[in-house]
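These values consider heavy atoms only, across backbone and side chains, with no hydrogens, waters or symmetry-generated copies. The chains referred to below are lettered A, B, ... by the order of the sequence lines, with proteins before strands, and numbering in each begins at 1.
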There are 2 protein chains.
Amino acid sequence: MKEEQYLFIRYLKSKGLKLTSARETVLTAFLKSEGHLSAEDLLAAAKKIDPGLGQATVFRTLKILADAGLAQDACQDEGPRRYEHVYKHSHHDHLICVGCGKLIEFCHPEIEKAQNEIFREFGFQASGHRLELRGLCADCAGKSGKTRE
Amino acid sequence: MKEEQYLFIRYLKSKGLKLTSARETVLTAFLKSEGHLSAEDLLAAAKKIDPGLGQATVFRTLKILADAGLAQDACQDEGPRRYEHVYKHSHHDHLICVGCGKLIEFCHPEIEKAQNEIFREFGFQASGHRLELRGLCADCAGKSGKTRE
DNA sequence: AAGCTTATTGATAATGATTATCAATTTCAA
DNA sequence: TTGAAATTGATAATCATTATCAATAAGCTT
């Protein structure tokens with residue numbers, strides 16, 4: 001079994017969601033595909049496996065795939081939302097709550113890619129980077145507007 | 001007159017578009033506002049100036065503002081499209097040479113967009129960020145492999 | 001300033017993408 | 001196997017945006 005399938009199943013279980021044949025179909029279609037694809041694209045691909053698959057299911061499953069970290073919004077400026085594959089989580093950046101100090105590690109392929117573009121653009125040989133995002137977490141934002149800085 | 005207004009007028013003329021009171025109203029409302037705002041937000045703000053303003057005009061003018069380089073898509077994952085100020089609001093990040101200490105200021109919309117995704121993903125209310133890229137500049141990389149850290 | 005050409009306007013309808021609803025079906029733990 | 005609960009596909013509904021269009025306004029030209 002592909003690693004992505006394993007991760008998907010694990011994610012579903014962790015959320016108390018069920019592994020259904022429709023979800024397997026959408027995942028399979030997604031894994032077969034490349035590049036940025038819209039829900040419509042994915043529906044077309046999935047229908048080749050199961051012609052009876054419903055449109056709504058694709059939208060729903062795509063959201064799950066994104067939540068599970070297998071797909072991510074490609075963030076197009078125009079047209080329908082498009083998703084792309086996320087294969088690796090190689091790097092961690094930090095998200096810090098200025099209210100309670102909570103630290104979240106995250107990683108974002110788009111940022112990594114963009115950073116490499118910068119290095120190239122300025123003719124630099126990369127050696128490292130540090131990215132800190134600061135803001136109020138949902139809890140702190142709910143309580144008040146107080147911050148640490 | 002604000003510099004933004006001048007730029008807007010200049011852009012309109014360069015494209016053979018007319019400076020109308022409706023467009024002035026939308027621009028004024030946009031310049032007064034802060035943060036990421038949707039067409040709906042902007043319509044509400046603009047209606048305080050001119051209650052008769054039409055919704056379609058806001059969409060149309062927002063597109064012009066983006067083309068003119070005064071606004072840009074804030075690239076939200078969910079909900080309506082949101083725009084943010086660009087002119088005089090540009091964000092600078094830093095690229096530092098670990099060899100000679102040279103400091104380059106750069107700005108990369110993709111990174112900004114991705115950061116906003118992170119904030120949203122974790123339910124944070126953004127307050128700021130710091131990004132430092134470190135590497136060897138072309139000059140230093142040519143001389144030797146020596147670094148400062 | 002008046003006339004003229006053309007862009008622009010606001011209202012409305014139309015479209016496109018996504019989400020909500022719901023009865024029938026499927027999953028899965030007991 | 002059974003039954004509660006989640007999921008499904010079809011459909012309607014919603015939301016954001018764009019197209020249409022007759023009335024109006026901008027801004028040349030004279």
**Q** Nearest-Å distance, CD1 (B:I9) to P (D:dA26)?
**A**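 After rounding, the gap between these two atoms is 13 Å.
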
**Q** Could you state the interatomic distance from CG (B:L31) to CD (B:Q5), rounded to the nearest 0.5 Å?
**A**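 Going from CG on B:L31 over to CD on B:Q5, the span is 6.0 Å.
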
**Q** Any side-chain heavy-atom pair from B:F124 and A:L133 closer than 4.5 angstrom?
**A**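 No - every pair of side-chain heavy atoms lies 4.5 Å or more apart.
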
**Q** Could you give the CD1-to-P distance, from A:I64 to D:dA6, as a whole number of Å?
**A**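 Those two atoms, CD1 and P, are 13 Å apart.
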
**Q** Do the side chains of B:R82 and B:D41 get close enough for a salt bridge, i.e. N-O under 4.0 angstrom?
**A**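 Salt bridge between B:R82 and B:D41, a charged N being under 4.0 Å from a carboxylate O: yes.
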
**Q** Would the distance check show the side chain of B:H36 and the main-chain N or O of B:H85 forming a donor-acceptor pair, the cut-off being under 3.5 Å?
**A**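 Absent.
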
**Q** Find out whether A:F30 and A:T61 are in side-chain contact, i.e. whether some heavy atom of one side chain is under 4.5 Å from a heavy atom of the other.
**A**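 With C-beta onward as the side chain, the pair stays apart.
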
**Q** If an axis is fit to five pairs at each end of the helix from C:dA1-D:dT30 to C:dA30-D:dT1, what is the angle between the two, to the nearest 10°?
**A**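 About 40° separates the two local helix axes.
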
**Q** Is it the case that over 12 heavy atoms from other parts of the model lie below 6.0 angstrom from the CD atom of B:E24?
**A**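 Check passes, neighbour count above 12.
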
**Q** So, taking the atom named CD1 in B:I9 and the one named CD in B:E4, what distance separates them when rounded to the nearest 0.5 Å?
**A**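 These two atoms lie 12.0 Å from each other.
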
**Q** When you measure from every atom of DNA chain D, which of residues 47-55 of chain A have a heavy atom less than 4.0 Å away?
**A**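 Heavy-atom cutoff 4.0 Å gives A:G52, A:L53, A:G54.
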
**Q** Find the distance between CG (B:L42) and NZ (B:K32) and round it off to the nearest 0.5 Å.
**A**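 Answer rounded to 0.5 Å: 12.0 Å.
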
**Q** What's the CZ-C1' distance between B:R23 and D:dA25, to the nearest Å?
**A**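 It works out to 11 Å between those atoms.
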
**Q** Which whole-number value in Å describes the distance from A:K63 NZ to C:dA20 P?
**A**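 Going from A:K63 (NZ) to C:dA20 (P), I get 7 Å.
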
**Q** Report the distance from atom CZ of B:R82 to atom P of D:dT17, rounded to the nearest whole Å.
**A**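 About 10 Å, once rounded to whole Å.
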
**Q** Which of the following nucleotides, C:dT18, C:dA11, D:dT8, is nearest to the side chain of A:P80?
**A**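 The nucleotide sitting nearest to the side chain is C:dT18.
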
**Q** What is the distance, rounded to the nearest whole Å, between atom CG of A:L12 and atom C1' of D:dA6?
**A**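 Value for this atom pair: 12 Å.
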
**Q** Are B:F8 and B:F59 connected in the hydrophobic side-chain network, where two residues link if heavy atoms are under 4.5 Å apart?
**A**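 They do not share one cluster, since no chain of ILVMFWY contacts under 4.5 Å joins B:F8 to B:F59.
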
**Q** For the pair made of CG in A:L43 and C1' in C:dA17, what is the distance, rounded to whole Å?
**A**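 Roughly 13 Å, once rounded to whole Å.
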
**Q** Using whole Å, report how far CZ of A:F59 lies from C1' of D:dC15.
**A**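 The answer, rounded to whole Å, is 13 Å.
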
**Q** So does A:R60 get a side-chain nitrogen or oxygen closer than 4.0 Å to the phosphate oxygens (OP1/OP2) of D:dT7?
**A**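 For A:R60, the contact criterion (side-chain N or O under 4.0 Å from OP1 or OP2 of D:dT7) is not met.
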
**Q** Within the 4.5 Å heavy-atom criterion, are B:L62 and B:R81 side-chain neighbours or not?
**A**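 No, too far: nothing below the 4.5 Å cut-off.
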
**Q** Report yes or no: does A:R23 contribute a side-chain atom to a donor-acceptor pair with the main-chain N or O of A:K18 at less than 3.5 Å?
**A**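 Yes; judged by distance alone, with no hydrogens or angles, the pair exists.
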
**Q** What N/O pairs connect the protein and nucleotides 27-30 of chain D at under 3.5 Å? Give each pair on its own line.
**A**
from	atom 1	to	atom 2	distance (Å)
D:dG27	OP1	B:L19	N	2.9

